[in-house]
Enquirer: 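Before I ask anything, let me first share the structure, which is written out below as structure tokens.
The structure presented is a predicted model; accordingly, all values stated were derived computationally and were not measured. Starting from 1, each residue takes its place in the sequence as its number.
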Amino acid sequence: MYKAGSPSASHTTAAASGAAPGNRVSRHVPQRTCIGCRKKDDQAVLLRLVRVSMEGGNAVHVDEDRRMPGRGAWLHPDTACLRLAVKRSGFPRAFRGAAEITDVERWFKALEDVPTGNGLKTVQPESGSEI
């Protein structure tokens, strides 16, 4: 399961922000709740999902650019959180009604199919090619 927490901080030091020494400057970091594990985390580490009206019902799409209009929900990019969201009826609760999630399942399946998880292949050096 996904472990909450991200590298960003909600507070910065005065030296980092350019403010007078001794003053603590707080920087707002948007927090969102995962519909799977129900843990709050920084918006930047969560995946945005959007409900889109289709013929005959609603569908949920992955909004990778976070620009699509419509009702949204947030999910950690982890299959354990997806399974929890399905098990706990997180999608109907978040989108206020039934919605088709095949696009989301397809997105997670594609993520699992990538060998390294980031889309980059590992290149092994050939024997004798060291310089």
Side-chain angles (χ1 to χ4, degrees):
M1 181 183 327
Y2 185 83
K3 294 185 178 182
S6 65
S8 65
S10 61
H11 297 281
T12 59
T13 62
S17 67
N23 290 341
R24 187 174 180 156
V25 178
S26 68
R27 193 182 87 195
H28 176 71
V29 177
Q31 299 285 304
R32 300 290 183 263
T33 302
C34 174
I35 64 171
C37 65
R38 306 292 300 161
K39 292 181 181 173
K40 285 192 173 187
D41 210 340
D42 292 352
Q43 178 182 340
V45 298
L46 293 167
L47 182 68
R48 185 169 189 260
L49 307 173
V50 177
R51 180 185 68 192
V52 177
S53 295
M54 307 283 285
E55 289 183 25
N58 295 317
V60 179
H61 290 277
V62 175
D63 183 12
E64 294 185 59
D65 296 330
R66 302 170 188 212
R67 298 281 185 249
M68 292 176 68
R71 183 163 185 83
W74 299 87
L75 182 70
H76 283 116
D78 186 1
T79 54
C81 285
L82 175 64
R83 278 188 253 119
L84 282 173
V86 171
K87 180 181 175 183
R88 297 176 177 172
S89 302
F91 288 98
R93 183 178 59 240
F95 294 110
R96 298 182 181 168
E100 183 68 34
I101 62 167
T102 53
D103 185 53
V104 177
E105 292 172 331
R106 191 177 312 124
W107 189 89
F108 275 93
K109 177 74 175 146
L111 186 68
E112 289 177 354
D113 291 344
V114 176
T116 58
N118 60 7
L120 301 174
K121 291 183 177 180
T122 303
V123 178
Q124 299 293 327
E126 294 180 22
S127 178
S129 64
E130 296 84 17
I131 299 175

Enquirer: Compare all side-chain heavy atoms of Glu100 with those of Asn58 and state whether any distance is below 4.5 angstrom.
Expert: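 Answer no - side chains too far apart.
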Enquirer: Judged by atom type as modelled, is there a donor-acceptor pair below 3.5 Å linking the side chain of Arg71 to the main-chain atoms of Ala94?
Expert: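 Judged by distance alone, yes, a pair lies under 3.5 Å.
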Enquirer: According to a hydrophobic-cluster definition based on side-chain heavy atoms being under 4.5 Å apart (Ile, Leu, Val, Met, Phe, Trp, Tyr only), do Leu111 and Leu75 belong together?
Expert: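 Looking at the clustering, Leu75 is in the same group as Leu111.
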Enquirer: Do Leu49 and Phe91 have side chains that approach each other closer than 4.5 Å (heavy atoms only, starting at C-beta)?
Expert: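 Yes, side chains in contact.
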Enquirer: Test of understanding: clusters of I, L, V, M, F, W, Y form through side-chain heavy atoms closer than 4.5 Å, transitively. Do Val62 and Val52 belong to the same one?
Expert: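 As far as the 4.5 Å side-chain criterion goes, Val52 and Val62 are not connected within one cluster.
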Enquirer: Under a 4.5 Å side-chain heavy-atom rule over Ile, Leu, Val, Met, Phe, Trp and Tyr, are Leu47 and Ile35 clustered together?
Expert: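 Yes, same cluster.
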Enquirer: Among the clusters formed by ILVMFWY side chains lying less than 4.5 Å apart, do Met68 and Met54 turn up in the same one?
Expert: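 Yes, one cluster joins them.
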Enquirer: What distance do Glu105 atom CD and Lys109 atom NZ have between them, rounded to the nearest 0.5 Å?
Expert: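 NZ of Lys109 is found 11.5 Å from CD of Glu105.
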Enquirer: Return yes if some donor-acceptor pair links the side-chain N/O of Arg66 with the main-chain N/O of Arg48 below 3.5 Å, else return no.
Expert: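 It does not hold such a pair.
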Enquirer: Before giving the answer on side-chain contact (heavy atoms from CB on, under 4.5 Å), spell out for Val104 and Leu82 the whole-Å C-alpha distance, their side-chain angles and the decisive distance to 0.1 Å.
Expert: CA-CA 9 Å; Val104 177; Leu82 175 64; 3.9 Å; yes
Enquirer: Are Trp107 and His61 packed together at the side-chain level, in the sense that at least one heavy-atom pair is separated by less than 4.5 angstrom?
Expert: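 A side-chain contact is absent here, since even the closest heavy-atom pair is not under 4.5 Å.
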Enquirer: Nearest 0.5 Å, what's the OG-CG distance between Ser89 and Leu84?
Expert: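 CG of Leu84 is found 12.0 Å from OG of Ser89.
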Enquirer: Could you tell me if the side chain of Lys40 sits less than 4.5 Å from the side chain of Arg32, heavy atoms only?
Expert: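 No. Closest side-chain heavy atoms not under 4.5 Å.
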Enquirer: Got a second to check how far Arg88's CZ is from Cys37's SG, nearest 0.5 Å?
Expert: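 Separation between the atoms: 7.5 Å.
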Enquirer: Say whether, by atom type as modelled, one donor and one acceptor occur between the side chain of Asp63 and the main chain of Arg67 under 3.5 angstrom.
Expert: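 Present.
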Enquirer: Can you find a pair of side-chain heavy atoms, one from His76 and one from Leu46, that are under 4.5 Å apart?
Expert: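 Of all side-chain heavy-atom pairs linking Leu46 with His76, at least one is under 4.5 Å.
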Enquirer: Are Phe95 and Val86 connected in the hydrophobic side-chain network, where two residues link if heavy atoms are under 4.5 Å apart?
Expert: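 Cluster IDs for Phe95 and Val86 match.
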